[in-house]
Amino acid sequence: MTTFSKITAALLTSVVFAGAASACEITFKSSDTHPDGYPTVEAVKAMGKMLEERSNGRLCIEVFHSAQLGEEKDTIEQTKFGVIDFNRVSLGPFNNIVEETKVVSLPYIFRSVDHMHKVMDGPIGDEMAAAFEPHGYVGLAFYDGGSRSFYNSQKPITSIDDMKGMKVRVMQSDVFVDMMSALGANATPMPYGEVYSSLQTGVIDGAENNWPSFESSGHFEVAKYYTLDEHLIVPEVLVMSKASYDKLSAEDQALVRQAAKDSVPVMRELWVAREAASEEKVRAAGAEVIKDIDKTPFIEAMVPVYEKHANTPKLQDLVKRIQATE
């Protein structure tokens, strides 16, 4: 039985248990920009079921998916002040808040998804999670964000020269903006929810994201060229408002932390299946997928990005420790 299957069985048991338990004393609000059914959304739902069971029905989580509570930039601020209790967020928008997140957002910092897991599941991940607390957040878990690649409505990208002058949407992060500049493209920061219409109307030529986001957003309908350069393997983070966390007893804080940790294998197993399904759907719709490109010029172009953003001894040491992780 897989880890996911074991947890699923436990959750089915918890549904029966929760029905007999008392009504929730605290119902936490959790935000996610992704649609219902997306792996991160389902992982937080699974966390909520575990938390409800383990607290004898006292603690519950209501997940607001599809950016119902706002885009990430807005929900991050609301989370800091306890208006939102939990938030699943891409690390990019945190780059200008928690400086350590800039390092794991650097292009090509991770050699593979497996390498990313080893880093984020170990001491470096614990250190990264702790770095959120001085800023008003409690880092609880790191989820997968897949490998991000470029897509556009204009032409196949087969070399770095094809990027020149292209208007490409990025998350609102200085690292992402500088990455595009280093490739000769024009970075256009904008909220995720505005990308489809901007591609459709020509405000931007392209964007970059992973298979499930490319598919679930419908971006593949208006940007038919997807180049698997895999420039970013950026983890996503589940944070809790420190204001909300500090109101809990030590016992309940421990329950929250453990449930979040136990939601990670749920998310990862769902992610693998979702990636495969998304790729199949995109290919079936006729999108042109470009796999065979030389990544070396792309990697070499990132030298100034590393020099600018890993610009302190602490961040430079973090880069070295990540690269040294086997």
Side-chain angles (χ1 to χ4, degrees), residues 90-96 99-120 124 128 144-189 204-211 213-214 223 225-236 275 288-326:
S90 303
L91 280 180
F94 265 117
N95 288 171
N96 296 331
E99 67 170 358
E100 289 86 349
T101 66
K102 291 195 294 186
V103 173
V104 292
S105 300
L106 287 170
Y108 304 105
I109 187 71
F110 295 115
R111 296 184 294 274
S112 64
V113 171
D114 183 57
H115 179 218
M116 183 271 286
H117 287 168
K118 288 178 179 176
V119 171
M120 303 312 293
I124 294 174
M128 189 85 53
D144 284 25
S147 299
R148 299 176 73 99
S149 294
F150 293 114
Y151 52 87
N152 78 95
S153 61
Q154 303 300 308
K155 61 185 176 181
I157 295 171
T158 59
S159 72
I160 195 171
D161 291 337
D162 292 325
M163 300 291 300
K164 291 189 175 10
M166 190 172 282
K167 296 175 291 185
V168 181
R169 178 267 176 178
V170 294
M171 284 190 280
Q172 291 150 307
S173 158
D174 291 344
V175 173
F176 283 52
V177 169
D178 291 337
M179 172 185 71
M180 297 312 307
S181 296
L183 294 173
N186 297 320
T188 307
I204 56 174
D205 300 314
E208 50 83 51
N209 221 313
N210 53 53
W211 278 112
S213 294
F214 182 45
Y225 303 103
Y226 193 38
T227 297
L228 301 181
D229 66 292
E230 300 177 320
H231 51 271
L232 293 168
I233 304 176
V234 183
E236 304 198 344
E275 254 190 343
E288 182 176 344
V289 180
I290 300 94
K291 290 187 69 173
D292 298 322
I293 66 165
D294 181 7
K295 296 181 184 179
T296 304
F298 290 79
I299 295 172
E300 291 175 347
M302 293 304 111
V303 171
V305 180
Y306 276 63
E307 289 176 345
K308 178 178 178 180
H309 293 284
N311 57 357
T312 67
K314 180 173 75 171
L315 297 184
Q316 290 163 359
D317 176 66
L318 186 54
V319 169
K320 290 177 182 176
R321 285 188 288 135
I322 289 174
Q323 293 176 335
T325 299
E326 296 295 337

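The residues of the chain are indexed from 1 along the displayed sequence.
In terms of the ring pair (Phe, Tyr, Trp, His ring centres under 6.0 Å) criterion, His309 has no residue partners (sequence neighbours excluded). In this view, Lys118 and Asp114 satisfy the salt bridge (Lys or Arg N to Asp or Glu O under 4.0 Å) rule, not counting sequence neighbours.
Of all the heavy atoms in Asp162 and Lys155, the pair that sits closest is O-CE, 3.3 Å. Summarising the geometry of Gly92 relative to Ser173, their closest heavy-atom pair is O-CB, 3.4 Å, with the distance given to 0.1 Å. Closest approach of Ser147 and Ile233 over heavy atoms only: OG-CG1, 3.8 Å. Minimum heavy-atom separation, Leu315 to Ala310: CB-CA, 3.9 Å. In this structure, Ala223 and Phe214 approach most closely via the heavy-atom pair O-CZ, 3.3 Å. In plain terms, the two heavy atoms of Gly145 and Asn210 that are nearest each other are O-ND2, 2.5 Å.
Rounded to the nearest 0.5 angstrom, Asp229 CG and Ile157 CD1 are separated by 7.5 Å. A distance of 7.5 Å separates CE in Met128 from OG1 in Thr101, rounded to the nearest 0.5 Å. With rounding to the nearest 0.5 angstrom, the CG atom of Leu318 is 6.0 Å from the CD1 atom of Ile124. Taking OG from Ser213 and OH from Tyr151, the interatomic distance works out to 7.5 Å, rounded to the nearest 0.5 Å. Going from atom OH of Tyr225 over to atom CG of Asp205 covers 12.5 Å, rounded to the nearest 0.5 Å.
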(Q) Run Glu300 and Ile160 through side-chain contact (heavy atoms from CB on, under 4.5 Å) and show every step you take. (A) CA-CA 11 Å; Glu300 291 175 347; Ile160 195 171; over 6 Å; no

Q: Any chance you could lay out the side-chain contact (heavy atoms from CB on, under 4.5 Å) test for Met171 and Asn95, step after step, and finish with the verdict?
A: CA-CA 10 Å; Met171 284 190 280; Asn95 288 171; over 6 Å; no

Q: Kindly determine whether His231 and Tyr108 satisfy ring-ring contact (aromatic ring centres under 6.0 Å, His included), including the steps that lead there.
A: CA-CA 6 Å; His231 51 271; Tyr108 304 105; 7.1 Å; no

Q: Might you work through the side-chain contact (heavy atoms from CB on, under 4.5 Å) test for Leu106 and Val175, ending with a clear yes or no?
A: CA-CA 7 Å; Leu106 287 170; Val175 173; 4.3 Å; yes

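The closest side-chain heavy-atom distance from Glu230 to Arg148 is not below 4.5 Å. The shortest side-chain heavy-atom distance between Ser105 and Leu232 does not fall under the 4.5 Å cut-off. At a threshold of 4.5 Å between non-hydrogen side-chain atoms, the residues Ser149 and Thr227 do not count as touching. In this structure, the side chains of Leu228 and Val289 come closer than 4.5 Å at one or more pairs of heavy atoms. Within the 4.5 Å cutoff, the side chain of Asn96 has no heavy atoms near those of the Gln172 side chain. Between Phe110 and Ile322, some side-chain heavy-atom pair lies under the 4.5 Å cut-off. Residues Tyr306 and Asn311 fail the side-chain proximity criterion, which asks for heavy atoms closer than 4.5 Å. For the pair Ile290 and Tyr226, the minimum side-chain heavy-atom distance is 4.5 Å or more.
At least one donor-acceptor pair closer than 3.5 Å links the side chain of Asp294 to the backbone N or O of Thr296.
More than 12 heavy atoms of other residues, nucleotides or ligands shown are found within 6.0 angstrom of NZ on Lys164.
Partner of Met180 under the side chain to side chain contact (heavy atoms under 4.5 Å, CB included) criterion, chosen from Met166, Lys167, Arg169, Met163: Met163.
Residue pairs meeting the salt bridge (Lys or Arg N to Asp or Glu O under 4.0 Å) criterion with at least one member in residues 308-318, sequence neighbours excluded, are Glu99-Lys314, Glu100-Lys314, Asp178-Lys308, Asp317-Arg321.
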